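Read through the structure below, which is laid out as structure tokens, and then see the notes.
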Amino acid sequence: MTQAPNIEYEMPKAYESGKVEQKWYQFWLDKGYFKPEIDPEKKPFVIIMPPPNVTGELHVGHALTATLEDIMTRWHRMKGEPALWLPGVDHAGIAAQVVVEQLLAKEGLDRHQLGREKFLERMRQWAEECRHTIAEQHQRLGASCDWSRERFTLDEGPSRAVRTAFVRLYQKGLIYRGERIINWCPRCATALSDLEVEHKDIQGHLYYVRYHLAEDDQGFITVATTRPETILGDTAVAVNPEDDRFKAMVGKKVILPVVNREIPIVADEAVDPGFGTGAVKITPAHDPVDFEVAQRHGLQLVNILNPDATMNENAGPYLGLDRFACRKAIVSDLEKEGLLIKIEPYSHSVGHCQRCQTMIEPLASKQWFVNMSPLAKPAIDAATDGRITIIPERFTKVYLNWMENIRDWCISRQLWWGHRIPVWYCQDCGELTVTVDDAKACSRCGSNNIEQDPDVLDTWFSSALWTHSTLGWPDDTEELRYFYPTSVMETGYDILFFWVARMIMMGLEDTGDIPFHTVYLHGLIRDERGEKMSKIRGNVLNPIDTLERYGTDAMRFALSTGTSPGNDIKLTVSRLEAGRNFANKLWNATRFIIRSIGSADADMKIQWHLLPVEDRWILSRLSRTVLSVTGLMEDFQFGEAQRQIHDFLWGEFCDWYIEIAKIRLQSAGEAVSPIPVLVHVLETSLRLLHPYMPFVTEELWQNLKRHLSSEWQTTDSIMIATYPEASKAAIDPEAERIVEPLVEIIRSIRNARAQYKVESTRWIEAQIYAGSLASQLKQYTKTIEVLSRAKPVTLLDSRLENAEGKNVLVLVLKDSEVVIPMESMVDLAAEKKRLQAEIEQSQAEITRLEVRLKSRDFLTKAPKAVVDKEKDKLVSRKDKLARLKQQLNRFN
RNA sequence: GGGCAGUUAGCUCAGUUGGUUAGAGCACUCGGUUCACAUCCGAGAGGUCAAGGGUUCGAGUCCCCUACUGCCCACCA
């Protein structure tokens with residue numbers, strides 16, 4: 001058994017330095033708290049962590065993910081559920097390969113020089129380093145995930161899942177190989193899926209080019225294009241069949257400029273007669289629409305590009321030129337030949353590689369695709385019939401819209417880093433062998449002369465299987481049976497399509513069941529200026545630097561408090577400071593309470609029947625807070641939940657209860673000690689807060705426990721203590737009705753002091769008329785004295801109808817009045833002004849209430865409780881108004 | 001071209017079944033070396049909840065419309 005670490009009573013600085021954090025993390029780890037037990041009697045809570053890419057270190061976005069997932073996991077664990085949070089990392093295909101290629105470039109190497117095997121070895125080393133760094137960083141964030149189940153997408157298990165899924169889809173006819181227009185990144189030298197292309201508006205040009213008719217020197221047709229270099233790949237000109245201008249030309253041939261090839265004029269619906277000249281050049285190998293036109297008309301495909309986007313042999317004289325150089329050259333040649341009619345500035349959207357920002361070339365190429373529509377249908381149903389809930393709800397529409405318009409997914413990548421496509425081509429008979437285990441021979445002719453497809457799969461293909469591949473699928477494991485479907489998928493809304501949608505499709509396809517019940521989408525982290533963080537902008541915040549500076553809990557506070565799902569978060573210094581200050585406040589409050597315990601007797605039993613009003617009040621407020629926080633958490637409103645814990649602890653417990661309790665502690669003797677309540681509220685609040693701020697709560701909780709008797713020693717750690725349960729029994733409206741005016745009285749005296757600039761060291765007298773509350777407030781005269789620095793405070797039996805003298809200040813409150821004899825003259829003018837303002841305000845409110853209460857509709861249609869409330873309010877406001885007026889009369 | 005969000009105090013943002021006088025942090029003003037805390041304490045100022053219309057007894061909250069900002073999706077050469 002691991003012993004709880006020996007706790008030196010350190011100041012917050014020690015906590016900020018990270019020592020406390022590391023101490024506790026190690027403690028939890030040693031205790032094995034992160035690993036849930038499989039208990040068939042209990043329903044588990046499961047989150048599979050979105051695996052960070054092995055491209056370097058974590059950024060604040062990951063810290064947000066980790067924070068939210070840790071909050072949920074810790075909360076459910078404290079509720080006694082077997083809570084599994086399964087961590088992992090993603091090999092990240094292109095993204096990681098790009099990083100390592102850059103590292104190689106610094107050494108003057110490229111991957112082709114190394115060769116596939118050596119390069120992959122290098123990649124594996126790199127991935128292993130990253131995995132290490134990432135795990136370490138997660139630990140610093142306090143992530144309570146089960147490291148014994150950590151997975152990497154290229155691990156044996158997940159890899160077998162990938163192959164199995166591929167083979168099954170292939171056998172069902174849902175994976176096919178074919179020549180289609182794909183997005184080609186010339187820099188990465190690979191095909192990309194549509195999602196991996198970012199469209200940006202580019203200020204370009206529209207070139208109008210004349211194509212002469214073949215049999216008629218005079219006749220011509222003019223086309224408009226943004227990419228004149230693709231003329232080299234034209235195999236037709238198309239016009240709309242309904243376009244009278246060109247009807248006569250359809251079927252004739254034109255001479256392709258520059259290359260002087262004859263190509264036909266065809267009629268096709270796809271052409272918009274209103275755009276450009278109404279005639280379109282058709283480049284089937286380099287444009288998706290043209291590709292389809294070509295299919296319909298049986299046109300030839302002419303590919304004019306090499307993989308690196310230089311011109312190939314089909315470009316004739318332009319062979320070897322870069323695509324942009326070629327464009328210039330062609331434009332200049334067209335001009336020379338008088339075929340360029342005009343150039344117009346034109347803004348259009350151009351695809352760029354998501355990873356390297358290189359301009360994409362649409363290219364006809366033979367690739368592997370997944371036919372998505374059959375997979376989308378069950379995924380649509382799951383979100384429509386309520387089996388899967390997306391938070392915030394608005395993303396359901398976005399999800400459905402994408403699903404309903406889904407297009408086939410190009411999954412092959414011409415990379416080395418990733419899951420190799422499990423397909424072998426027979427060099428003898430040409431048959432494809434598609435198997436999970438490495439093929440040794442052709443499945444048809446048995447030849448050993450087979451070669452595996454050199455390509456790898458899109459990294460998102462393995463991600464799509466993550467929820468089940470991490471739990472053992474395709475095997476029927478105990479883990480899979482127990483933990484699947486998982487509970488929550490928590491991630492950023494930016495990967496809804498990339499990942500979440502595909503996981504739902506593949507989860508349903510592979511297991512027949514949804515992968516998770518709830519999708520929680522968080523917002524993106526932005527910098528102080530509201531800009532998205534990116535390496536290119538150089539505004540990326542390293543979460544480790546941040547937590548070293550402010551403390552992990554402060555950062556978690558900054559990331560989760562006062563935020564809401566799906567909305568972006570601006571991470572500012574002041575947010576971080578607020579978190580740090582809150583941790584510090586807790587530290588100090590706990591220190592105070594621990595010191596108080598030391599000087600009192602050790603019995604912390606609350607004597608419920610003897611409790612004074614303020615004890616009942618704070619216990620009531622605690623109950624309400626627990627009730628509300630629990631409800632909010634069940635509703636995934638973590639930001640609001642934490643804000644309420646913060647406000648309760650700081651604004652009520654520290655500001656009022658502790659301050660009042662101090663007075664009791666100082667006047668030794670007859671009174672009931674506040675210490676049991678102090679301890680109870682603190683201890684409960686720490687548990688309530690623990691999911692959010694795990695380190696400071698553990699440190700303080702452990703410290704507190706050391707001063708308590710054995711019956712408090714329920715668990716070895718706060719993280720496995722039970723989560724507070726709301727007790728409605730402790731809600732005490734009567735106590736609240738007394739403490740509220742008490743607070744109001746104290747505030748009003750403090751206010752008067754400030755207004756009249758009474759020196760802080762000077763005491764003033766106060767007399768209070770509290771009507772029906774007098775008897776309960778009687779025992780609080782000392783409290784009022786100490787907290788408002790007024791002495792003596794006396795309670796009046798009756799109102800001072802007309803307080804005598806001009807140097808008496810009368811404060812009219814809701815149900816009470818405070819009379820303060822002033823040493824010097826009261827500023828009459830100022831007082832009159834203040835009273836008049838109050839009267840006006842009061843009068844306005846009364847008018848509003850009266851109007852409302854005269855309305856028959858209101859009286860009959862509003863709920864009775866609301867009506868009664870308004871009636872009571874009117875009575876009390878009228879009373880206050882009358883008293884205000886009397887005070888004003890004093891001055892007249 | 002579609003779709004979605006945001007617009008609340010000087011700044012950053014909360015405010016989820018419509019129900020008192022709309023909140024917090026930071027910033028600001030004034031006052032504080034009281035033994036938990038100056039990473040603090042006390043007091044204060046600051047908002048026609050973007051504009052307009054509607055539904056309702058009652059709207060920051062629901063509906064319509066407008067403006068501005070941002071995002072997503074989309075094969076107009």
Side-chain angles (χ1 to χ4, degrees), chain A residues 12 16 181 199 206 223-227 230 238 270-272 274-277 279-283 287-292 346 348-349 362 392-395 397-398 401-402 405 493-494 496-497 524 528 530 532 550 554 558 561-564 566-575 577-596 632 635 637 639-640 643 646-647 651 654-655 658-659 662 747 750-755 757-761 786-789 841 844-845 848-849 852 855-863 865-867 869-870 872-873:
Chain A
E16 282 167 29
I181 294 281
H199 291 273
L206 198 53
V223 299
T225 178
T226 52
R227 299 192 301 156
T230 61
V271 181
D272 172 6
F275 186 88
T277 61
V280 193
K281 59 192 268 323
I282 299 296
T283 320
D287 184 283
V289 177
D290 294 2
F291 182 85
E292 282 171 26
Y346 185 65
H348 60 138
S349 136
E393 202 193 345
R394 64 173 185 271
F395 283 103
K397 269 181 276 177
V398 180
N401 181 51
W402 186 77
N405 298 293
Y493 64 73
D494 53 333
L496 178 61
F497 305 144
L524 272 28
E528 304 250 0
K532 203 168 154 180
Y550 296 97
T561 307
T563 63
S564 49
N567 289 332
D568 294 352
I569 299 163
K570 216 169 273 187
L571 188 60
T572 59
V573 168
S574 79
R575 271 188 113 97
E577 283 173 349
R580 179 199 59 188
N581 295 352
F582 181 46
N584 184 62
K585 184 75 179 176
L586 283 177
W587 193 285
N588 284 310
T590 305
R591 179 164 65 180
F592 168 75
I593 291 168
I594 288 175
R595 279 186 197 166
S596 307
L632 288 166
D635 234 8
Q637 298 180 59
E640 179 65 8
R643 197 189 60 79
H646 169 272
D647 289 356
C654 290
D655 285 354
I658 290 183
E659 291 307 319
K662 273 181 190 170
R747 284 218 166 108
R750 287 171 172 173
N751 183 2
R753 292 182 63 107
Q755 222 171 356
K757 306 209 185 300
V758 176
E759 294 137 59
S760 59
T761 49
V786 174
L787 296 185
S788 62
R789 298 191 70 72
Q841 207 187 340
E845 204 186 337
R848 242 191 341 266
L849 285 165
R852 194 172 302 166
S855 151
R856 187 156 297 273
D857 282 337
F858 177 70
L859 293 171
T860 53
K861 289 179 184 166
V866 174
V867 176
K869 219 170 172 182
E870 299 289 279
D872 289 350
K873 208 188 327 173

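Within every chain, numbering begins at 1; the chains are lettered A, B, ... in the order of the sequence lines, protein sequences first and strands thereafter. Everything numeric here is computed off the predicted structure, so don't read it as measured data.
Atom CD of A/E759 and atom C1' of B/U33 are 16 Å apart (whole Å). Separating the CG atom of A/D290 from the C1' atom of B/A77 is a distance of 7 Å, rounded to the nearest angstrom. Protein atom CG of A/L849 is 7 Å distant from nucleotide atom P of B/U21, rounded to whole Å.
Closest to the A/V866 side chain, of the nucleotides B/G19, B/A36, B/A77, is B/G19. Minimum atom distance to the side chain of A/H348 is reached by B/A77, of the listed B/A36, B/G25, B/A77. Checking B/C75, B/U21, B/G15 against the side-chain heavy atoms of A/S564 singles out B/G15 as nearest. The side chain of A/R394 approaches B/A5 more closely than any other nucleotide in the set B/A5, B/U20, B/A36.
In this structure, B/A43 and B/U29 make a Watson-Crick or G-U wobble pair, each of the two defining distances being under 3.5 angstrom. A 3.5 Å limit on both hydrogen-bonding distances identifies no Watson-Crick or G-U partner for B/C65. Both distances falling under 3.5 Å, in either a Watson-Crick or a G-U wobble arrangement, occur for no nucleotide opposite B/U21. In this structure, B/A74 forms no base pair with any nucleotide, since neither Watson-Crick nor G-U wobble geometry is met with both distances under 3.5 Å. With both pairing distances under 3.5 Å, B/U16 is matched to nothing as a Watson-Crick or G-U wobble pair. In this structure, B/C49 makes no Watson-Crick or G-U wobble pair, since no nucleotide meets both defining distances under 3.5 angstrom.
Note on A/K281: nothing from the nucleic acid sits closer than 4.0 angstrom, heavy atoms only. A/Q841 comes within 4.0 angstrom of no nucleic acid atom, judged by non-hydrogen atoms across all strands. Residue A/F497 is classed as a sugar-phosphate contact, given heavy-atom separations below 4.0 Å to backbone atoms only. Nucleic acid contact for A/G639: none, since no nucleic acid atom lies under 4.0 Å from a heavy atom of the residue.
At least one side-chain nitrogen or oxygen of A/Y346 sits closer than 4.0 Å to the OP1 or OP2 atom of B/A77. Proximity of A/K397 to the phosphate of B/G3: no side-chain N or O atom is located under 4.0 Å from OP1 or OP2. Using a 4.0 Å cut-off, no side-chain N or O of A/T572 falls inside it from OP1 or OP2 of B/U12. Put simply, A/N567 has a side-chain N or O that comes within less than 4.0 Å of OP1 or OP2 on B/A14. Side-chain nitrogen and oxygen atoms of A/R595 include none within less than 4.0 Å of the OP1 or OP2 phosphate oxygen of B/C35.
Residues A/C654 and A/K585 come closest through the heavy atom pair CB-CE, 3.7 Å. Between A/F497 and A/V398, the shortest heavy-atom contact is CZ-CG1, 3.5 Å. When every heavy atom of A/V271 is checked against every heavy atom of A/V280, the shortest pair comes out as CG1-CG2, 3.5 Å.
Residue A/K570 holds its NZ atom at 9.0 Å from OG1 of A/T572, rounded to the nearest 0.5 Å. The distance from atom NZ of A/K662 to atom CG of A/L787, rounded to the nearest 0.5 Å, is 9.0 Å. The CD atom of A/E292 sits 9.5 Å away from the CD1 atom of A/I181 when rounded to the nearest 0.5 Å. With rounding to the nearest 0.5 angstrom, the CZ atom of A/R848 is 7.0 Å from the CZ atom of A/R852. Atom CG of A/L632 is separated from atom CZ of A/R643 by 9.0 Å, given to the nearest 0.5 angstrom.
For B/A14 and B/G25, the C1' atoms lie 10 Å apart once the distance is rounded to whole Å. Atom name P, nucleotides B/C4 and B/C65: the rounded distance is 11 Å, in whole Å.
Between the side chain of A/E640 and the base of B/A24, no donor-acceptor pair of N or O atoms lies under 3.5 Å.
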For nucleotides 40-48 of chain B, give me every protein contact, N/O to N/O, under 3.5 Å, one pair per line with atom names.
| unit_1 | atom_1 | unit_2 | atom_2 | d |
| --- | --- | --- | --- | --- |
| B/C40 | OP1 | A/N581 | ND2 | 3.0 |
| B/C40 | O3' | A/K585 | NZ | 3.4 |
| B/C41 | OP1 | A/K585 | NZ | 2.8 |
| B/C41 | OP1 | A/W650 | NE1 | 2.7 |
| B/G42 | O3' | A/R750 | NH1 | 3.2 |
| B/A43 | OP1 | A/R747 | NE | 3.2 |
| B/G44 | OP1 | A/N751 | ND2 | 3.2 |

Starting at the 5' end of nucleotides 55-65 of chain B, put B wherever the base has a protein heavy atom under 4.0 Å, S where only the sugar-phosphate does, and a dash everywhere else. --B--------

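Both A/R227 and A/R789 sit near RNA chain B, but only A/R789 has its closest nucleotide nearer the 5' end.
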